[in-house]
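On a predicted model such as this, the values are computed, not experimentally measured, just so you know.
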Amino acid sequence: MSTQWDGVMPAVFTWLKESKSGTLEIDFDTTQKQAEGILKTQGKGGTRMSGLVGSGTLGENSYLSNNQRLSLLESLSEVAKEYNVPLISGAAAETKEELAKIVEGLATVGVDTVMVMPPKTKTVPTEKKMYEYYALAEATAKDVGITMMPYNNPDAAGYHPLSTDLLLKLSVLPNVTALKISTIDVSIIETLMLENKDLKVLAGVDTVTVFAGLAGASGGITGVGTIFPKASVTMQEYVVNGNWAEAHKISQALNSLSYLDAQPLLMEYLKLAMGIHHNDVAGGLRTFGKKLTQQQIDDVNARYILAKERLEVLDLAN
C-alpha cells in the first residue's frame, strides 16, 4: 500500500485482559474495536486518520514477545485493510542482522512500513555503523515488499540521536518514504526541510503538532489522538489549510494531556486516560509496564477532565 504521508496517524494501545490463570494477555477484540473507532472518526472537515501504528511505544512493544507482537500486528492489519490505510510498526535491534530478521517478520503479518529506531546498544555507534544498520534494513524492506521510515527520538532515554546529516543521507535511500522526528525541538524539522523541500516528515510528539506543521512536517503520529481522534484530525485539517489560529486553539485544549506524551511513562499515563475516556479505568490500568501510584492516577484523571472540558467548548470532545 502506498501513502503520501499527509495526515495524522494514531499509535494505538494494546488492550489487555486477565486470563483464567490471572495473568495478563492481549485482548485482541478490544484492541481491534478501539482501532476501528479511531479510524472511522472524521474531523470537522470530513477527513480521517491516514494510517495506523501498532505495537509501538504506546502498544506495549518493549514488553511483548516476538510472537505476541506478530499476532497483534496481524490482527491490526485486518483493521488497516478495512479502512484502506497503511499499517506501521516499529523495530529496533542491537545488530543490523537481527534488525533485518525483524523486518522480514513484520512483512509476513501485514505491516506496510517499518519505523526503524536506532540500534539498542549501550555505546553510541559511529555514523558509518549507524548508516549501515539503516541501509541493511532499507534493503531488506525492499526485498520483502514494504517501506522504511527512520525514527529519530533524541529526547527519549536509551535512544541514540540521529544527526541531521545522517537523516538526510537516509532520506534519499530508495525505499525510505518518510522520516519520523520525535522531539520538542522542531527546528530539526525546519532544518531538514530547508535541505530537502520534498521530504515527508512526521512529528512524533503531541505537544508540538502545530509547530511541527509550521516547520514543514506533513503530518504526525499521535498518542493523544487515540483518545480524542476528532480533535486530532480536525487540528491537522487546520494545519494543512494554514489556519494556524484554529489549530492552536485545539492544541491548547489538548495541552494538559499532550504534556503526558513527552513523559517517560507516556504509555502508562495515556493508556489510563484512554480507559477513563471509555469508562474502563481498570482496563486502562492493565499494563505490562509500570504500575501507577494513586497520585499519578489522580493527576492523569485531572488532566483528562481539563482537556475534555476545553474540547467540549470546541465541539471536539468525542
Tell me yes or no: between the side chains of [X] and [Y], is some donor less than 3.5 Å from an acceptor?
X    : Y    : answer
S65  : N67  : no
N241 : E237 : no
Y151 : N153 : yes
W15  : D29  : no

Main-chain N/O of [Y] paired with [X] side-chain donor or acceptor, under 3.5 Å:
X    : Y    : value
T226 : G223 : yes
E98  : A93  : no
H277 : I227 : yes
R69  : L64  : yes
S71  : Q68  : no
Q34  : V12  : no
E74  : V109 : no
D206 : T222 : no

Roughly how far, to the nearest 0.5 Å, is [atom2] of [Y] from [atom1] of [X]?
X    : Y    : atom1 : atom2 : result
N255 : T207 : CG    : OG1   : 8.0 Å
K17  : T31  : NZ    : OG1   : 9.5 Å
M274 : H278 : CE    : NE2   : 3.5 Å
S258 : Q263 : OG    : CD    : 11.5 Å
T41  : E36  : OG1   : CD    : 11.5 Å

What I'd like to find out is whether the side chain of [X] reaches to under 4.5 Å of the side chain of [Y], using heavy atoms alone.
X    : Y    : answer
Q296 : V300 : no
T177 : M148 : no
L167 : I181 : yes
I146 : D112 : no
Q42  : T47  : no
E25  : E18  : no
L73  : L106 : yes
T113 : W5   : yes

Show me the side-chain donor-acceptor pairs of residues 52-60 shorter than 3.5 Å, one per line, residues at least two apart or across chains.
residue	atom	partner	partner atom	Å
S55	OG	N61	OD1	3.0
E60	OE1	T287	OG1	3.2
E60	OE1	F288	N	2.9
E60	OE2	K271	NZ	2.8
E60	OE2	T287	OG1	2.9

Is [X] salt-bridged to [Y], cutoff N-O under 4.0 Å?
X    : Y    : answer
E246 : K249 : yes
D299 : R303 : yes
K128 : E132 : yes
D27  : R286 : no

Could you pull out the closest heavy-atom pair between T234 and G43, with the gap in Å?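 Heavy-atom minimum between the residues: OG1-CA, 3.3 Å.
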What class does the angle between the rings of F228 and Y304 fall in, given that below 30° is parallel, 30 to 60° is tilted and above 60° is perpendicular?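 Because their plane-to-plane angle is under 30°, the rings of F228 and Y304 count as parallel.
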